[in-house]
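Here the structure comes first, spelled out in structure tokens, and everything after it is commentary.
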Amino acid sequence: MLKQFLLFSQPYTLNKQMDYQFKDIEQKWQQFWADNKTFKAENTTSKPKYYVLDMFPYPSGAGLHVGHPLGYIASDIFARYKRLKGFNVLHPMGYDSFGLPAEQYAIQTGQHPSVTTEANIATYRRQLDQIGFSFDWDREVRTSSPDYYKWTQWIFMQLFNSWYNKDADKAESIAKLVEHFESKGSAGINAVSDEEVLSFTADGWKAFNLQEQQAELLKYRLTYLRESTVNWCAALGTVLANDEVKDGFSERGGYPVEQKKMMQWSMRITAYAQRLLEGLDTIDWPEPLKEMQRNWIGKSVGASVRFPLDKTTHLSQLTTNYIEVFTTRVDTIFGVSFLVIAPEHELVAELTTPGQKADIDAYITQTKKKSELDRMADTKTVSGAFTGSYVTNPLNGAQIPVWIADYVLAGYGTGAVMAVPSGDQRDYLFAKHFNLPIIPIIDIQNIETEADPTKEGTYINSDFINGLGYKEATAAVVTKLEELGLGKAKVNFRMRDAIFGRQRYWGEPVPVYFKGGLPYLIEEEHLPLLLPEIDKYLPTESGEPPLGRATGWKHPEGEYELSTMPGWAGSSWYWYRYMDAHNDKEFASREAIEYWKDVDLYIGGSEHATGHLLYSRFWNKFLKDIGKVVEEEPFKKLINQGMIQGRSNFVFRLVKTGKFISYNKLKKLLAYGGLLADSNNDQDNAKAFAGLGLEYYPGIIDLWKENSTPTDTGVKTTLQYQSTHVDVNIVENDTLDLAKFKKSRPEYASAEYILEDDGKYICSWEVEKMSKSKFNVVNPDDLIARYGADTLRMYEMFLGPLEQSKPWNTNGIEGVFKFLRKFWKLFHDADFNFNVSNEAPTKAELKSLHKIIQKVEQDIERFSFNTSVSSFMIAVNELTDLKCNKRAILQDLVITLAPYAPHISEELWTLLGNPAGSISTAAYPKFNPAYLVEDEFSYPVSFNGKMKTNVSLSLTMEAADIEAAILANADVQKYLDGKTPKKVIVVKGRIVNIVI
RNA sequence: GCUCAGAUGGUGGAACUGGUAGACACGCAGGACUUAAAAUCCUGUUCCCGUUAAAGGAGUGCGGGUUCGAUUCCCGCUCUGAGUACCA
């Protein structure tokens, strides 16, 4: 047993010299592919194109663990398969190499982030190469390299120079907008813009000075500056995107995040909200992921309504005449009994009457103190304050009090709601709490204990819509409001414009300088604007971003922007760069883009659902609007690979004695604990323990007696023990490598162990996140050293469906390794001499072959890689049983296996006498159904749906003959037991069911 | 709370349009080979009852339904995981 453990991290010692030598084979072919650029993709060929893309990684310092390559292996199998199917395949890889971890490291060590990044990339590359991917490395991109971020900056400039024309429903150039302003003023412009744009005539525009014109244009640009409330993370010294904040803490690092007002670059993604939503119906993505994007975009159809302010009181000199609300249930307007505005609403101060000022101030103070987290945890408590002011209902003139409450969010809609307690549960609770009226408005509504948001029934208490149904009522109310000029149908989106700036160093500099407080683009020929060197990677003493430290970094006309672009900038267009990675004139040539068009298959994690995948679609649509790319959607088909979780192992130690106890023994001990505690007789106990295979010693009972709880029969007790994570790399199939464990700490060497009867120490296990602190990280390098890349590739696929999340468990990898050795043996004799015959194949051999040809084809097309691995095993098992070593079979079999296990396939392919490397572009064997045709079928015969026996019959027989033959069968007669069947169902070639 | 995904042996999983549940692999048990082990090979392995062999019975999270027949379709529930968070 000890020797078994000695082998743990060593390559398999194979008994014969010429057995499957994966190490030599894999190194040889990886070298060959690199030297011969086997997987170089051409931008023009007569073959149809196919673009297989992986989400490129951020090269972290920890390197790859076994979960990372899962998606890469799947996409590589697919890419290799598509090559065999005659496609010109683009399958590139690169690095999303700007990002926070390298910068954090730089702050701690003073090491330049580019140095760290370079080193990490080298590690990634080495690990990726070992797995045998068919990437075209000539097209590698790195987002942090100047010849890449030059084009990220260039796209930023195009966004800056564009505005969104709603009439044309696309982005257009700012020059065109200026033209319009010069000839017609602001009239006739239907744009997505800031809210407070000016109205002016053509002359008015010309009368503006340059400053004023620029300030106005900034309100239209697709990337623009505005003061916005941002998620400020003081510990990281930066602003975070909404999707980087989790429950009020930063996703990376878990530092507190607060709301802060800052001048920020933003991207007008909201201009594309509708197109982003509609585009989802045209792409083949997982439904949950599309749903996430739909929720994120958050379209709601409703109406905006203006409630005129009742100026009879102190409000006579107010500038505004109304409060505007957004509602999705404008039909319930006659049920409005109060208005609620957000505590941050701009009108709060003005609306507060002197008598209510104390209440309102107290409430605002209280709200501000509540952290984001409290506000979320505390959705049940009703709170609010009355401003003292009133508005009137635009349709019936009713006087309506205006309240403030934090259940209304300043950032959504207009920051104000019309409260209809009969139809909305939050309004209902609020009304109950503050004793406000609840007006029923639908005849079938039941509002005794809670709000009833039904749309069924007809309206009551609702003036001119009384008696109508939901649809007519809504239309009637909207028409009326439009007549009055106090409301209109409106679509509202939850999605906000994306913040596009970070107060950090390690990112793309924004190609902008400031003059007179306004931003101007640098000249295009000065791109890239290089990231300057700085002395420390920290904010300046005056609180400016790190770039404020750069000396002499200044545009002749003014100061450069000091913030850098966010992490998603470089990843929002990278798939185009792969098409033409070395172009220094354009981000990619027109020809390359027109040839490759879009990504046919994109594989990556679902964690990018609302970040990368939304921003990428946005930039893609913009690039299409300005005529630079050809497809509306960048990723035609997308697959989420499931997350690989860790599988942790634990060892147990009894608190009293310090002995380590094997898990199964511990379980027995625990199960037996209560019984043992009943007896104080050492002899009885010793017997009981012996029955468990445990050594008994007086005093062990005390282990339970700690924390004991008295019961009526005696004592129910708890055994005191500790569980500790143990490194999964010294555990195999939950059996601990005791020798290694003892060596890991001197204390463990001298400890005592309670083992299983066979001398093993069994660990328990649990599924957790894969992380160093849980000692459950499995490194692909170790597995490759032991079993080879082909085994790793196939095992990762064998683990289960690609899209399913699952814990990593190395148990079972041997089965795949054995399979590859068995496969190798098909081509070799008992002494491992290559031995393939040219005899004609038998029917059975051809059947095995064509079964797998068909199966692999079907499986790959539906991304079911795990089932093909099983099928390969079945095929090899069958051919082994048939003792088949015929070229006619094996040659085709090697091709079908090549996408999964490319190294062994290359080796055997050349041994078969084919030119080296040619398997990558060999033709996938043609499936011939004729070889699968059977003339007999063993019909399962069920009685009332329960399978009892099989009867073999010719497949040419028709239903009536089958029925007769089955009923005549002796076995069937026995089950019938003289009874006459009520009914016999015969499905030809499938089943016979007899109803009795 | 809402939305989505999922639940099958000791374990990972298979069963593609409703038609033999548990393929394939791990683990485990027994055996062969060996001085012994490793490697390799063979046999068995859903559970219960029972056995010389058999023959039964139950069974895909739980409770119903549709059907000749349900892991698969429908209704209700439980649990697990993910996303989202007062969205008017």
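Predicted model, so just to flag it, every value in this text is computed and none were measured. In what follows, every chain begins at residue 1, and chains take the letters A, B, ... in the order their sequences are listed.
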| request: Kindly say if A:Asn809 contacts the phosphate of B:G13, meaning a side-chain N or O under 4.0 Å from OP1 or OP2. | output: no
| request: Quickly work out the A:Trp285 CH2 to B:A5 P distance and round it to whole Å. | output: 18 Å
| task | Answer with base, sugar-phosphate or nothing: what part of the nucleic acid does A:Pro286 contact at a heavy-atom distance below 4.0 Å? | result | nothing
| request: Grab the CZ-P distance between A:Phe865 and B:A14 for me, whole Å please. | output: 14 Å
| field | Donor-acceptor side-chain pairing of A:Tyr407 and A:Asp427 below 3.5 angstrom | value | yes
| field | Flag side-chain contact, heavy atom, 4.5 Å: A:Thr735 against A:Ile762 | value | yes
| field | Aromatic A:Phe943 / basic A:Lys948 pairing, under 6.0 angstrom, 45° off normal | value | no
| task | Taking the six-membered ring for Trp and the single ring otherwise, decide whether the centroids of A:Phe872 and A:Phe823 are under 6.0 Å apart. | result | no
| field | Below 4.0 Å: OP1/OP2 of B:A39 and any side-chain N or O of A:Lys825 | value | no
| B:C68 and B:U20: how far apart are their C1' atoms, nearest whole angstrom? | 16 Å
| note | In whole angstroms, the gap separating P of B:C28 from CG of A:Asp734 amounts to 10 Å
| said: Nearest to the side chain of A:Pro288, heavy atoms from C-beta on, is which of B:A23, B:C4, B:A14? | reply: B:C4
| note | Across every strand shown, the nucleotide meeting Watson-Crick or G-U wobble geometry with B:G81 (both distances under 3.5 Å) is B:C4
| Under 3.5 Å on both distances, the Watson-Crick or G-U partner of B:A53 | none
| said: Within the 4.0 Å heavy-atom criterion, would you say A:Phe872 contacts the bases, only the backbone, or no part of the nucleic acid? | reply: nothing
| A:Asp859 CG - B:A15 C1' separation (whole Å) | 13 Å
| query | Nearest to the side chain of A:Arg862, which nucleotide is it out of B:C16, B:A88, B:U40? | reply | B:C16
| query | Of A:Thr867 and A:Ser606, whose nearest nucleotide on RNA chain B comes first from the 5' end? | reply | A:Thr867
| query | Counting just side-chain N and O atoms, does A:Ser300 come under 4.0 Å of either OP1 or OP2 of B:A88? | reply | yes
| task | Return the value, rounded to whole Å, for the distance between atom CD of A:Gln425 and atom C1' of B:C2. | result | 14 Å
| Is any side-chain nitrogen or oxygen of A:Lys818 closer than 4.0 Å to OP1 or OP2 of B:C26? | yes
| request: Tell me what A:Glu287 touches on the nucleic acid: a base, only sugar-phosphate, or nothing, going by heavy atoms under 4.0 Å. | output: nothing
| query | Which part of the nucleic acid, if any, lies within reach of A:Lys855 when heavy atoms closer than 4.0 Å are counted: base, sugar-phosphate only, or nothing? | reply | base
Please produce a list of atom pairs where a protein N or O lies less than 3.5 Å from an N or O of nucleotides 67-75 of chain B.
residue: B:C68; atom: O2'; partner: A:Asn993; partner atom: ND2; Å: 3.1
residue: B:C68; atom: O2; partner: A:Asn993; partner atom: ND2; Å: 2.6

| request: Could you please name the option among B:A23, B:U20, B:G56 that lies closest to any side-chain atom of A:Ile874? | output: B:A23
| task | Could you state the atom-to-atom distance from CD of A:Gln858 to P of B:A15 in whole Å? | result | 11 Å
| note | Closest of B:U20, B:G83, B:C4 to the A:Met292 side chain is B:G83
| For A:Glu324 and A:Thr414, does a side-chain donor sit closer than 3.5 Å to a side-chain acceptor? | no
| query | Hey, does the side chain of A:Asn295 come within less than 4.0 Å of B:C2's phosphate (OP1/OP2), counting only N and O? | reply | no
| message | Ignoring hydrogens and geometry beyond distance, is a side-chain donor-acceptor pair present between A:Asp971 and A:Asn969 at under 3.5 Å? | response | no
| request: Between A:Asn950 and A:Glu291, just flag the one whose closest nucleotide in RNA chain B comes earlier from the 5' side. | output: A:Glu291
| request: Measure from the side-chain heavy atoms of A:Arg426 and tell me the nearest of B:G13, B:C86, B:C24. | output: B:C86
